[in-house]
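Notes to accompany the following structure.
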Protein chains: 2
Amino acid sequence: MSPTRSTPKSSPLKRKPGLRSAPAARQVPADSDAKPTRIQERNRARILEAGLSEFSRFGFGGATIEKIAAGAGMSKSNLLYYYPTKTVIYEAVLEHILDTWLAPLRMLDVTGDPAAELADYIRQKLKISAEWPEASRLFASEILQGAPQVKPVLQGSLRLLVSEKAAVIRAWIAAGKLKPHVEPVHLIFLIWSATQHYADFETQVLALTGKTLKDETFRGEAEAALVATILGGVLA
Amino acid sequence: MSPTRSTPKSSPLKRKPGLRSAPAARQVPADSDAKPTRIQERNRARILEAGLSEFSRFGFGGATIEKIAAGAGMSKSNLLYYYPTKTVIYEAVLEHILDTWLAPLRMLDVTGDPAAELADYIRQKLKISAEWPEASRLFASEILQGAPQVKPVLQGSLRLLVSEKAAVIRAWIAAGKLKPHVEPVHLIFLIWSATQHYADFETQVLALTGKTLKDETFRGEAEAALVATILGGVLA
DNA sequence: ATGAAACCTGACCAAACGGTCAAATTGAGC
DNA sequence: GCTCAATTTGACCGTTTGGTCAGGTTTCAT
């Protein structure tokens with residue numbers, strides 16, 4: 001496995017369908033133009049699902065397209081008919097979950113009550129960890145490896161979003177609603193890490209407590225503990 | 001890459017040196033018996049170091065013994081002279097850092113002052129994240145993948161240690177020194193996740209803040225923020 | 001100095017991997 | 001039922017990878 005991922009080469013030839021010339025290969029379905037078939041939709045979805053499972057378990061380097069294909073219930077060749085390379089699958093999976101991933105932070109509202117807003121943010125993040133632990137682990141794996149694919153997003157839109165929300169928190173501090181010692185960015189990191197921990201380190205949590213977030217009682221316990229401790233630490 | 005790691009097979013033949021029979025292979029230096037040579041000590045150390053670097057960057061599946069050998073400044077063949085398989089290197093690296101990894105938690109002392117003890121624990125963990133981020137990332141990678149190698153430790157000694165320290169925290173609560181709503185295990189998770197975040201998600205932290213824990217100022221900031229928030233959240 | 005053990009190397013191997021290709025099969029509109 | 005594009009397959013290929021092996025070189029105690 002190449003350490004620095006190979007170039008994406010998203011569409012090696014990009015052949016338009018209605019060209020009638022060259023009788024040669026016409027591979028790759030609807031490469032971005034035109035509406036996808038029902039079969040395409042179904043199979044792409046299966047591939048993304050299986051890809052998420054494999055990539056989150058073994059990382060980019062440890063995953064194999066053969067196993068992904070098996071997980072998606074199709075042959076390796078057929079998988080490669082829908083996505084030309086392993087890297088493209090990886091990118092597609094990542095892109096597919098990125099929005100959902102960042103959504104909760106976007107909802108932090110200056111005009112709201114800090115206590116309610118932050119508690120809600122923690123709950124939202126914990127909910128995602130509970131319901132989508134594989135996505136959490138995929139992101140963790142990606143960042144662990146130096147974020148070869150999502151670094152642009154981190155430096156771009158995420159950075160913007162974070163500085164925006166840091167301003168919100170700073171406004172709350174200025175309004176005397178949060179303790180003056182609160183550091184906005186570090187508070188965001190604290191919430192991220194604390195909530196994602198239950199997904200990313202699920203194995204460890206399970207080994208130590210015998211429970212995961214799938215256990216409603218346990219999830220409620222974690223939620224209460226995090227909300228109480230973090231809010232208790234930052235509310236004025 | 002096999003998903004469930006292949007059997008360790010720590011020493012395929014285990015040939016004792018002074019056997020004088022079979023003129024064939026006598027590979028593998030001091031397989032657990034007898035004191036190691038100076039060269040052995042040096043090379044094994046180099047291999048473990050390079051292995052930590054590779055495994056933490058690419059995970060078990062993504063790392064290659066060839067790159068590890070290159071990182072250790074020796075040929076692949078020579079590396080395999082010291083460690084028979086990739087899995088054995090991985091286990092050795094993991095084992096080599098395990099003690100250091102768990103040490104800070106062991107120091108939590110019931111007789112001490114909770115504020116000082118917890119603050120110290122946070123500082124210790126943050127120090128390790130700052131000075132040994134690769135070890136942190138290796139553990140994260142291992143746990144992410146389901147802890148195939150360290151699960152026994154998690155279920156065994158770590159579980160014991162955690163329940164021990166949870167009792168310590170519970171004693172502090174009973175003594176009225178911590179808020180009654182504090183959940184010991186979740187507090188431990190909170191401290192782990194918050195401190196390790198700066199190592200495991202270093203790339204993200206760097207992209208968002210332009211800093212890492214290597215920056216003394218930033219580290220002090222993180223430390224102050226974590227200590228203030230967490231202690232503020234749990235102290236009575 | 002010498003001999004044995006320790007150390008090191010390059011050539012080699014089988015399996016696994018990512019990816020290609022020609023051809024067979026299926027499906028949908030007519 | 002015909003036709004043509006969409007879909008699926010299995011055989012195949014070059015590379016990478018983990019690991020073996022026979023033999024060469026260095027180290028070190030005597």
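Every chain is numbered from 1, with letters handed out A, B, ... down the list of sequences. Given the structure is predicted, the values throughout are model-derived calculations rather than measurements.
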- Item | Atom pair distance, as rounded to whole Å: CD1 in B:I65 and P in C:dA16 | 15 Å
- Between B:Q40 and C:dA6, is there a side-chain N or O to OP1/OP2 distance below 4.0 Å? no
- Spacing between A:F55 atom CZ and C:dG18 atom P, to the nearest angstrom: 9 Å
- Would you kindly give the NZ-to-P distance between A:K86 and C:dG19, to the nearest whole Å? 8 Å
- Residue pair A:L94 / A:F55, side-chain heavy-atom distance below 4.5 Å: no
- To the nearest 10 degrees, what angle separates the axes at the start and end of the helix from C:dA1-D:dT30 to C:dC30-D:dG1, five pairs each? 20°
- Taking B:K125 as the fixed residue, which of B:L105, B:T195, B:D120 is the one that meets the side-chain contact (heavy atoms from CB on, under 4.5 Å) rule? B:T195
- Counting only heavy atoms not in A:E134, do more than 12 fall under 6.0 Å of its CD? yes
- B:E66 vs A:T37, nearer the 5' end of DNA chain D by closest nucleotide: A:T37
- Task: Let me know the distance between OH of A:Y82 and C1' of D:dA6, rounded to the nearest Å.
- Result: 8 Å
- Figure out the CG/P separation between B:L80 and D:dG18, and round it to whole Å. 9 Å
- Task: Report the residue from B:Q149, B:E142, B:E95 that forms a side chain to side chain donor-acceptor pair (under 3.5 Å) with B:Y90.
- Result: B:E142
- Message: Does C:dG27 have OP1 or OP2 under 4.0 Å away from a side-chain N or O of A:R38?
- Response: no
- Query: To the nearest Å, how far apart are B:R44 CZ and C:dC8 P?
  - Reply: 12 Å
- From CZ of A:R42 across to P of C:dT26 the rounded distance in Å is 14 Å
- Only counting residues at least two apart or in another chain, list the ones meeting ring-ring contact (aromatic ring centres under 6.0 Å, His included) with A:Y121. none
Listed pairs, N/O of protein and of nucleotides 10-12 of chain C, under 3.5 Å:
unit_1, atom_1, unit_2, atom_2, d
C:dG10, N7, B:S77, OG, 3.1
C:dG10, O6, B:S77, OG, 2.5

- Task: May I ask you to decide whether B:R137 forms a salt bridge with B:E202, counting only side-chain N to carboxylate O separations under 4.0 Å?
- Result: yes
- Reported CD1-to-CZ distance for the pair B:I47 and B:R42, which is rounded to 0.5 angstrom: 10.5 Å
- Short side-chain N/O contact from A:Y81 to OP1 or OP2 of D:dT8, under 4.0 Å: no
- Query: Starting at CE of B:M74 and ending at C1' of D:dT26, how long is that distance when rounded to a whole Å?
  - Reply: 15 Å
- Message: Is it the case that atom CD in B:E66 sees more than 12 heavy atoms from other parts of the structure closer than 6.0 Å?
- Response: no
- Query: Under 6.0 Å from the CD atom of B:Q155, do we count more than 12 heavy atoms belonging to anything else shown?
  - Reply: yes
